[in-house]
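Below, chain A is the first sequence line, B the second, and so on; all start at residue 1. The model shown is predicted, which means the values in this text are computed figures rather than measured ones. Quick note: numbers below take in every heavy atom, side chains included, and nothing from hydrogens, waters or symmetry partners.
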2 protein chains.
Amino acid sequence: MSIDFEILATSASGGRRGRLHLPHRTVETPVFMPVGTAGSVKAVPQDVLESLGAEIILGNTYHLYLRPGHEAIRRMGGLHRFISWPRAMLTDSGGFQVFSLSELRKVTEEGVSFRSHLDGSSHFFSPEHSIDVQIAIGADICMAFDECTEYPADRNRAEESLRLTMAWARRSLDYFRAHHHEAPWRHEQGRCMQCFGIVQGGMFRDLRRQSAERLIEMDFDGYAIGGLSVGEPRELTLEMIAEVLPLLPADKPRYLMGVGYPDEIEQYARMGVEMMDCVLPTRAARHGLLFTSEGRLNIKGARYAEDQGPPDPACNCPVCRRYSRAYLRHLMHSGEALSGTLNTIHNLAYYLGIMQRVRGQLQAGGGAEFAQGAGTVETRQAPL
Amino acid sequence: MSIDFEILATSASGGRRGRLHLPHRTVETPVFMPVGTAGSVKAVPQDVLESLGAEIILGNTYHLYLRPGHEAIRRMGGLHRFISWPRAMLTDSGGFQVFSLSELRKVTEEGVSFRSHLDGSSHFFSPEHSIDVQIAIGADICMAFDECTEYPADRNRAEESLRLTMAWARRSLDYFRAHHHEAPWRHEQGRCMQCFGIVQGGMFRDLRRQSAERLIEMDFDGYAIGGLSVGEPRELTLEMIAEVLPLLPADKPRYLMGVGYPDEIEQYARMGVEMMDCVLPTRAARHGLLFTSEGRLNIKGARYAEDQGPPDPACNCPVCRRYSRAYLRHLMHSGEALSGTLNTIHNLAYYLGIMQRVRGQLQAGGGAEFAQGAGTVETRQAPL
């Protein structure tokens, strides 16, 4: 078992209650990671994130590279210090945003040239450069540079994309191993920055298997499953996850990227996924969509105009303890900035609460199986 | 001395350290009141306002009347309950916003008809209706319906405007006395909603004097000075305040409306003003202008790009304790919602801190005089 990851209990369905020892925090797993794209989990102050129990947040390498710039972050001692977040952080490789946000991309074996979505300026990301940027940012975990295969993609396209991603994984890891000591902070308690590889392969089970096997040979600190929740039906998501999870080393953490709805994160955590991130709780909140124990609630609805009940009667978050649906609706309709803040706090509390509950059940149940939680099963449809 | 207002100490320059006993809070004076236009002090959660020491906030009758509507607020038990603000609140009369925001206004002896700036719908405010709306909202203090004389205004215009405002003050107070028991909350500790009259008269000292004398005859619970800080030079503001303050009853609180810069609120508090409100700290914050012990700081400035010092080294607010100028600048440049929240928290802390300091000095010095604080004297120029 890796010294950086310990498993406290395992369920019959493969769910693991664990502890991930990162330089800035020992993170209790399974864990949901709020997304802090540009160095801020949108609309939520850091002390509130802490009080909600967030132990690790994401930063987006593409955004931070463009603004304020990784060299500036490096000079200021890294992202933890820059944004005043003492707990753990993970950065993506920038690949996904380069492909989804930037303009005039050109992909070669060497890397990707692209133009910034902010000002049109020209940039180039190679695996080495991505890792260099991530080391400058100084997250606890950085990700290998990959190409997120689009959906749908035919077999030829998925194969070629995977070939590139595997070559880039090798180069990412080599660069990481040679330079990770350059992180802009001292390794606390002797713990080092970690680097995760990303399993791709589109919706082809054998390509997924091939991808996992090759990454495992490289011996990353952890393994992510990427390229899911990109528009495919949920059954297919589940099929790919079920295919990959058993292949991954039991003693390493597993990270499912960009997922998902409340019932999804619960389901996948019970299957043995340690880490998940998604913009859904934060983005949906800003559009007035609240996740509650009673299902989804669109706070804009006229029915809530004089509803003095809390957003979620079963929730003990600071928003549900203090404010009414009527007030949240009023804030949204009035365009008040407080709307996004309060809605986001609730949604994050709800997501973090799910993981807390699952962790408790995994720990209590040990290897035994237990029933699914009370959360309603959601269909995956665009909520916004 | 009024049972609702007690004076603990008075300085030679007229400054008073007092206590205003309102239904929802005993407010230590002099006090700065953050503006919560539409039921939210923009971008700041209520628990943060409490922790900053805000004891009384403003609500704008015009905005709340239009959205969510005063009858809805009344049905929900009043604004305190609707927005979850247990401390004191004051509502303006709606007059100022009717004149500054609405469209197609028509002023008659009876009142003002106008169209909503939100949807163009037609409305009518009379003194009686303004007070009825304010009683429904249920603030601790409501304001007589007035016409805020524009600047500049010639003598004829100021006289006519004052005549109307005085007639409306009489009608406001009569309606208030007949209906204030209809407030949507129980009077706590036997304390009643209060109604303040507003001294107008443009920039004419004799009209100001006339206005004050007539309002005092009516016997309001407190007296406001309105129609200042509307574009006139600061010397003229000061002249009008100096003219009016000595005329007002010593045993009633005095409220200077819509003022001002940090050094202004300090200066006027030392002259004997109990209450002030202004959108400046909150609005300027959203534009990146911070008020600090070292003067004004435009956080957008390139010089702060890697400045890891706190916004104000002398400030102990939660923002200055945790975040750097570089981070606040980054949030602003990145359009992050957290920018407005953090900037506003600091500016409010700064304003509330000034009043806290002045209160301490007034209390310690008793009737003795003391030096002006260390705050830099600001010129009044548009900061945004």
Using heavy-atom distances under 4.5 Å, tell me whether Ser40(B) contacts chain A through its side chain, its backbone, both, or neither. both
Rounded to the nearest 0.5 Å, what separates atom OH in Tyr327(A) from atom OG in Ser84(B)? 8.5 Å
Are any side-chain N or O atoms of His330(A) and backbone N or O atoms of Ala38(B), one a donor and one an acceptor, separated by less than 3.5 Å? yes
Among the listed options Lys42(B), Arg286(B), Arg329(B), Arg67(B), the residue most often paired with chain A at heavy-atom distances under 4.5 Å: Arg67(B)
Bottom line for Val48(B): the part with an atom under 4.5 Å from chain A's heavy atoms is neither
Segment of Glu336(A) engaging chain B (4.5 angstrom heavy-atom cut-off): side chain
Which one wins on heavy-atom pair count under 4.5 Å against chain A: Gln46(B), Arg75(B), His333(B)? Gln46(B)
Checking Arg81(B) against chain A: side chain, backbone, both or neither under 4.5 Å from a heavy atom? side chain
Straight-line distance of Thr344(A) OG1 to Leu338(B) CG, nearest 0.5 Å: 11.0 Å
So what's closer than 4.5 Å to chain A heavy atoms on Gln308(B): side chain, backbone, both or neither? side chain
Structural part of Ile83(A) lying under 4.5 Å from a heavy atom of chain B: both
Quick one: of Ser339(A), Pro318(A), Ala337(A), Pro68(A), who has the most non-hydrogen atom pairs under 4.5 Å with chain B? Pro68(A)
Write down the atom of Ala305(A), the atom of Met76(B), and the distance for their closest heavy-atom approach. O-CE, 3.9 Å
